[in-house]
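I have placed the structure first, in the form of structure tokens, so that the comments after it can refer back to it.
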Amino acid sequence: MQQQEIINAILAFISDQEGSAEVFDQLALQIFSYQYKNNLPYQSLCLQKGKTPRTVKKWQDIPAVTINAFKEVTLSCGDPRQAARVFMTSGTTQGVQGKHYHPSLAVYDQSMIHNFKRHFMKDTEKIRMGILFPTAAEMPNSSLAHYLALAVQEFGTQESHYLVDSQGANIDRFMMELAQAEHTGEPYGLLGASFSFVHLLDELARRGKQFSLPKGSRILDTGGFKNRSREIALEEFYHRLEFFLGVPRTACINMYGMTELSTQFYDEGNDILPSVKSGPHWSRTRVVNPLTGAEVPQGERGVLVHCDLANFNSVTTILTEDLGVKVAGGFLLLGRAQGAAAKGCSLAVEEFIESGRGRVK
Amino acid sequence: MKERAGYLPGISEDEVAWQTVTFTRNEEVLEVAVPVLAQEQMQQLAEQIKNNSRQVLKTLAIGEIVEILDKAVAVFLDRHSPYRRKAEQLLPIVTGYDPEVIRHGLTSFLKTFRKPQLLRFLAEDLGNISLLDDFQPRAKGGFAKAFGPDLIVHVWAGNVPALPLWSLLAGMLVKSGNIGKVASAEPLFAGWFANVLAEVEPRLAGCLAIVWWKGGDEEQERSLLGQGDVVVGYGSNTSLASLRSRIPVTTRFLPYGHKMSFGLVTKDSLDARKAWQTAHAAALDVIRYDQQGCYSPHFFYVQRGGAVSPGEFAKYLAHEMECFARRYPRRALSLEEMAAQAAWRQQEELTLFSTPTKEILGDDARAWTVVYEEGAQITPSCLNRTVKVLAVDQWEEILPQLIPYRPLLQTVGVASAPRELWQIAELLGRAGVTRITSLGKMTSPEAGWHHDGRFNLLDLINMVDIESAAEEYAERLAPYVD
């Protein structure tokens, strides 16, 4: 299959409300064959694992690629120099950012729009939005900046605004927006990075200011706190969102996404923590033992593997560093698999990297 | 099962708050209660131990101390003693290592602390062991005596069983009081040893304590570290740096950071017969404590030109790893460790594309991985039985690779003919390596070794000189002066 055929097939599948499991499996295998043939670093990885289009019989057999791979090698079926857009990871290893090449954003955008409408907009056509993140022009390689720009473009009213600029959060603007929303009684949507919300909540607490946003208002936060703000417990975070902004926790949606994917995962509010996350019919999530790749029994902790058909140009199947548990209706996200520091007195990889830069004193 | 950690002379169990650390291995669960001392209790403990060190330890002759330590070590070497049985039963649960690996490891480790080995240890550092008892004449004139500090504070880290014994025994040998802080990863052995010591020689009961606090507890650290004359710290450079920031400038700080060790296989050891033995010895070094020790190999340099090529050696090594995996299975890894392992392995797999000479060997469940590479830069292993075999032509090639990591190097296990051993030793010494041993012995340092190139005992003591001038002056004041 050629790139355009793959793109058309995925677009058709995304629009297909039925989204049958048979079609998913079939399409996943077609894309695997395509990626195996055109993405040579991926092919060599598959060969090492003894996986080829002949032996991969179902989507679960598709070899998963770690997110670090996006830093190590170019994972692209098309010529990366021809990419319409390159999204880069915020985290780096030795100054290297992971790169995700998109020859066209048609699939990414359709995936985002369908999924966003269903989980965030629901029955609302348009909503006035405040965005707590820089614009796509300011951060051209940020997938989140593109995602939020698309949200504004497709679902935001004319009056939607960015409340963050290169100087950080524009608090006064933010206060004005919220006061305006309270005044008009029109539902308001506040979307952005989780850490920006923390800064704003701190500021509201400092000023002793509280809002009660109109009924139908909603919040979308994403990305966790990533050392960008105080780490606060999720329970406190959602409690404070409700307390200071007057948006019920059932209308506070957390989006879980990553640069290495082209599809996002949502929960249905954060009244109960941890909330159940799920993806749309063109994605599948497995909870696995990272060494064997075998699925762990339901209810046991494992590492998340996502198979996202919208990732047609890189690899569909990603082995994350996120810990999770499979539950009815989706999965619970339990944080990052960190803290694999050496148990003994032998050197850990991070320490070695630092010493190579002359930081050992 | 439940067990109490620590050793707190003069404080009864109900005066202390206890916290529980839970360990599981397979189906077995062990709850270890670790003591959490109030700051005042810690201060009192330090005072008491300093006093006892002055009044008891400093009055004992070094010969007596060696006898006592020998008796205590004998208790742990005796497989029928309750303490040894407890160690064999509980340490596998705490650390996750295979029981047989622990049993062998304990014996080979403890053997280095019997009386003859302790005497060698002393002789190695001091020459004349009576320096610890009396002023001894010096060749240049005058006299000198070695004084141990009143209190050494040890901050131990990691899960390699019984490792705290090195610095604890060194502290006892210099007649110093000791307070050791155990790591949550292995909080038991040091406390057991202290209990045995007190049973063997009740006079020593108040001369040492084994405590615990949560790593990074700034108040606890500051209050105890300020009391010590010498602080011995183990851990990552980050944790050592934070420790150092809490130690008064007048206190001597001996940091032992994480290290990287490796093996070196010359072509002489690679004929069809010897290559198997070499691979077997190399694999042994890898599987002991799953590479968690500072002396454990991260990779093996293997020389080209032997009857068995480096690439073939990698396969020999892989075979040995597979055999050991069956006999001594790897410790069960946490989900985090498994994720790190998967990431490391996939990083290697991804570079296969750009480096076709590379080979990755390992089974599906990945209980071990051997990677063969040519012309590669050194990188640390992610441990838990993952090693690289790096092909080399001339030993001089490796020097530029090693020099950037000088402060991190420690042990090299060598398989070579005698003549080459000395040449290689010279080369490695220049690169910063501090211990050269045989393959197969990397995880068992000999008694009296220079840990990280330093002096285990000399670094702890102060030499006190009586200069000849004082002697001569005194002569003039003698009542029997003419």
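Order of the sequence lines fixes the chain letters, A, B, ..., with proteins taken first and strands second; residue numbering starts at 1 for each chain. The model shown is predicted, which means the values in this text are computed figures rather than measured ones.
When all heavy atoms of A:Thr66 and B:Ala343 are compared, the pair lying nearest together is CG2-CA, 4.0 Å. Between B:Ile360 and A:Gln48, the shortest heavy-atom distance links the atoms O-NE2, 3.3 Å. Looking at every heavy atom in both residues, B:Leu350 comes nearest to A:Ala69 through CD1-CB, 3.1 Å. The two residues B:Ala342 and A:Leu319 have their closest heavy-atom pair at CB-CD2, 4.2 Å. Considering all non-hydrogen atoms of both residues, A:Pro290 and B:Ala339 come closest at CG-N, 3.6 Å.
Interatomic distance, CD of B:Glu336 versus CZ of A:Arg301, reported as 5.5 Å (0.5 Å rounding). Going from atom CD of B:Glu349 over to atom CD of A:Glu72 covers 12.5 Å, rounded to the nearest 0.5 Å.
When heavy atoms are compared at a cutoff of 4.5 Å, B:Gln291 approaches chain A solely by way of its backbone atoms N, CA, C and O.
Contact check for B:Gln346 versus A:Leu45: side-chain heavy atoms found under the 4.5 Å cut-off. Looking at A:Thr292 and B:Met338, their side chains never come closer than 4.5 Å, going by heavy atoms from C-beta outward.
When B:Leu335, B:Thr95, B:Thr351 are compared by the number of non-hydrogen pairs under 4.5 Å with chain A, B:Leu335 comes out ahead.
The number of heavy-atom neighbours closer than 6.0 Å to NZ of B:Lys441, taken from other residues, nucleotides and ligands shown, is 12 or below. When the shell of 6.0 Å around CD of A:Gln298 is examined, it contains more than 12 heavy atoms from other residues, nucleotides or ligands.
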